[in-house]
Amino acid sequence: MNIFDILGPVMVGPSSSHTAGAVRIGYITRNLLGSRPVKADIGLHGSFAATGKGHGTDKALIAGLLGMKPDDMQIPRSFEIAGEEGLSFSFHEIRLAGAHPNTALLNVEGADGKCLEVQASSLGGGRIMVNRLNGLAVNCTGENPTLIVYHQDRPGHVTSVTAMLAEPGINIAALNLYREKKGGEAVMIIEVDQAVPSDIIRCMEARDGIRKVIYIEGEK
Amino acid sequence: MAYQSLKEINRLCEEEGMPFWRAVLQDDMNERSVSEEESLATMEKMWEAMLSASESYDPSLMSGSGLVGKDGAKMEEYRKRGDTLVGDFVGQVIARALQMGESNACMKRIVAAPTAGACGVLPAVLVPLYQERINRERIIEALYVAAGIGQVIAARAFIAGAQGGCQAEVGSASSMAAGALVYLKGGDNEQIVHAAAMAMKNLLGLVCDPVAGLVEVPCVKRNVIGAVNALAAADMALAGIKSKIPPDQVIDAMKEVGESMHVSLRETGEGGVANTPYARKVAGEIHGKG
């Protein structure tokens, strides 16, 4: 932990795990969706379901979906703002086998009509982990700049993507590859040390067999 | 590598002839690969946020559950009447601690120090001093002292109520505040760590028993004991009193106590005051509302 994990974060209360972490889950979901969400159906699991309301977890998740960060003073007003910005939402309780006690399952639809299912957990101190993307098990914290590359499970994609990053001197901090089945849809989650310019992302997306690339700027 | 012991910080300070806060600053520069100016600027931001949170207390707010709010204002009014048992300064500290705890429960912006639940302790002792007589630069340095102590606690033990009970949250905050206070009053490095140790020792065993699982009761008022205990520990250290148990060993004891604490007393809302008939009734009403 660095000293600003001890003194900090600056956040809207009352709980780093149930409020600040929940805002970040909403925020990363918006980024992963890649467009403004217009509809969200959110399942709350474990402690999020049991004590979430009293901690403003519901308002925090919606605030994040609206693009707010954990220190945004508008978080308590997020339900009203969602109304103004055309985001409709609903909450329900859910049981997710084996999930961390502070977990949410978000089904969101973007303004461009695309849908995404994100399962994410709040680990404490405001830190989070995305556990599933459209059902596919992944691990992604969003703390560092991160590329999420959806592609077909076929030889050569990892090489071509990492080469495109190496060219301008972008260093890979972590690379994880997940696939639903052999030859099916696969996803690479690449955490990097430097910001990734948008032309590189466009180049990746132009590759045959790469369906979509999402870029999360990271927080550091 | 962050410091693993208070002893290590003080040994380094002695070798290099530097103050405690500078050892923490240098470590931050190494850890995060930032310049001195960048680190100081981030700490300035934390102080700004603390100060602004402390000044923007809204005496009319109640938490969503209706359990907490308005007590900080009551304490402040009482203090202003000039007849507190603890005197004016400590009266202010109590009022500030309550106010910040309430602000947190009411979804206002605060600075976790080390956690949101314990966010009232440090500002409660620092803000009144700042307003009276201490300049900004010294406050920023004192925040490094506090952060360094907190970092060692996090490295050797824990700072989450779910892991170690309230002693890990308010106990750690109190320990951090005690060290910061000693620094502000001109105490030496040895006095800083002994104040931190005495503050922690006095709160060993404090359980985390939030009513209905919310950061409200007894959390808001526990910020008061954290702050007042920090003042007492700092004054003892400045008087030349030492912790008989070496400071790092006190932190290790906190870890051992936390680990042996029953799970019902570690932020589950199942034991302690959370398990009283009144609390059970309140919890039923809150969660029943859905």
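Numbers restart at 1 for each chain; the letters A, B, ... are given by sequence-line order, proteins then strands.
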**Item:** Axial cation check for B:Y183 ring with B:R138, 6.0 Å and 45° limits
**Value:**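 The answer is yes; both the distance and angle limits are met.
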**Prompt:** Would you call B:E48 and B:R136 a salt bridge, taking side-chain N to carboxylate O under 4.0 Å as the test?
**Reply:**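 Yes, this pair counts.
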**Message:** Between B:E36 and B:R22, does any side-chain N to carboxylate O distance fall below 4.0 Å?
**Reply:**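 Salt bridge between B:E36 and B:R22, a charged N being under 4.0 Å from a carboxylate O: yes.
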**Item:** Proximity breakdown for A:A50 and chain B, heavy-atom pairs closer than 4.5 Å
**Value:**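 It is the backbone, since no side chain atom gets that close.
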**Prompt:** Which bit of A:T19 comes within less than 4.5 Å of chain B, counting heavy atoms only: side chain, backbone, both or neither?
**Reply:**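 Just the side chain, heavy atoms under 4.5 Å.
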I'd like to verify something: which residue of [options] has the highest number of heavy-atom pairs under 4.5 Å with chain A?
options                        : result
B:L214, B:T42, B:I153, B:N104  : B:N104
B:L122, B:I110, B:T268, B:V111 : B:I110
B:M176, B:E216, B:K108         : B:K108
B:M46, B:K45, B:M50            : B:M46

For [X], is it the side chain, the backbone, both or neither that has a heavy atom under 4.5 Å from a heavy atom of chain A?
X      : answer
B:A160 : neither
B:M43  : both
B:I159 : side chain
B:L143 : both

[X] and [Y]: side chain donor to acceptor below 3.5 Å:
X      : Y      : value
A:Y215 : A:S198 : no
A:N131 : A:S121 : yes
A:H18  : A:S122 : no

**Message:** Checking side chain to side chain donor-acceptor pair (under 3.5 Å) between A:E191 and each of A:N139, A:N144, A:N176, which is the one that passes?
**Reply:**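 Only match with A:E191 under side chain to side chain donor-acceptor pair (under 3.5 Å): A:N144.
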